[in-house]
Amino acid sequence: MKQSLNTPRSIAFRLLPSLAQFLPLNGMIRITGKRIIFPFYHLVSDEDIPHVKHLYSVRTTKEFIHDLDFFLKHYNPIGITDFLDSVKSARPLPGNSFILSFDDGLREFHDVAAPILRQKGIPAICFLNSGFIDNTNLFYRYKASLLIERLQKGNDLADKQKSLGKWFGKNHLPFTPDYHGLLGISYADKHLLDELALQLDVHFDEFLQNHRPYLNSYQVRSLIQQGFTFGAHSIDHPEYRFLAEEEQIRQTAESIQVISEKYGVKEKLFSFPFTDHGVKKSFFDAVFDPLRPIADLTFGGAGLKQDFIPGNIQRIPFEGSSLNAKQILGTEYLYYMIKSIFGKNMIMR
Ligand SMILES: [Zn+2]
């Protein structure tokens, strides 16, 4: 989830924010015609979240409220049904709009974000991994973060350093004092994290039971009653570009079906785990097959961009950096305008 240091986008996000924050947002909205935005988050928390802290930084409640107030100043909060209705009827939405969403189905959506959103009258979509609901299993990246936390705080592990170094070496992972080599473990090699947990006496099942990182079904149903919408985020959060297309489709269809059957959710919404980068047109042809549609809409997280696939919507990430909402959004619009000059705003498939 961390952006690599030298992509054009990451360079833009280093160079442009200081300029972008002084440009009038309404002018940039008018010039680009991008009147609807889709900001997204994972969680909001004022506490230390051990399973996330080594992956990306999150918004505090104060920062989150600040973001929301900024959105509300320039855009109307709308629900996904308003958006779907406007697409189906080809009637544009009045004014500027934003649709908020949260990935990974974490408990903090219920405990922290939802009460704030209700108070402000802002709808939101929450995307769940069907294999993790009710704390039945843990995302492998969260396992990596927990293991890094254990290693960094492990004063009792001095005599294990030699065997740990060997284990990292054997698995071709850099053995550095911050142990961030574990972040290089991919979905295909995720069993390595369970192997290391065994050596370090870390018990993920106990963590799931005691900490309860994910929403449970009771909370999901209660949030639906409060007016929030739910979508799917794959079964167990793989990197789609490394999967065979058949498996991409299975992960998508099955997770959407579980959410729909378990909670009676009518809209078939799906957000890609990690990124939709490298997902081909043939996948979308299957997912949006007009005779047997698997999804109504799918969502990526590439920022303010158009997608060659009309039903695939690109969202803007608002966490993982110390920039405020005004700087992030200003940079997105400015970067969009610069890329327009070179015709580079469309993600081709
Ligand atoms: Zn995710």
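Atoms within a ligand are numbered from 1 in the order they appear, just like the ligands themselves.
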Next item on the list: Kindly confirm or rule out a cation-pi arrangement of Lys339 over Tyr335, judged by NZ or CZ under 6.0 Å from the six-membered ring centre and within 45° of its axis?
Entry: yes
query = Is the Zn ion (ligand 1) less than 2.8 Å from at least one N/O/S atom of His42?
reply = no
- request: Could you tell me whether the Zn ion (ligand 1) has an N, O or S atom of Asp104 under 2.8 Å away?
  value: yes
Indicate, with yes or no, if the rings of Phe283 and Phe272 have centres closer together than 6.0 Å.
yes
Looking at His237, the N/O/S atom that lies nearest to the Zn ion (ligand 1) is called NE2
Restricting His233 to its N/O/S atoms, the closest one to the Zn ion (ligand 1) is NE2
Partner of Tyr214 under ring-ring contact (aromatic ring centres under 6.0 Å, His included), picked from Phe109, Phe132, Phe139, Phe207, is Phe132
Review point. Between the side chains of Ser234 and Asn129, is a donor N or O closer than 3.5 angstrom to an acceptor N or O?
Key: yes
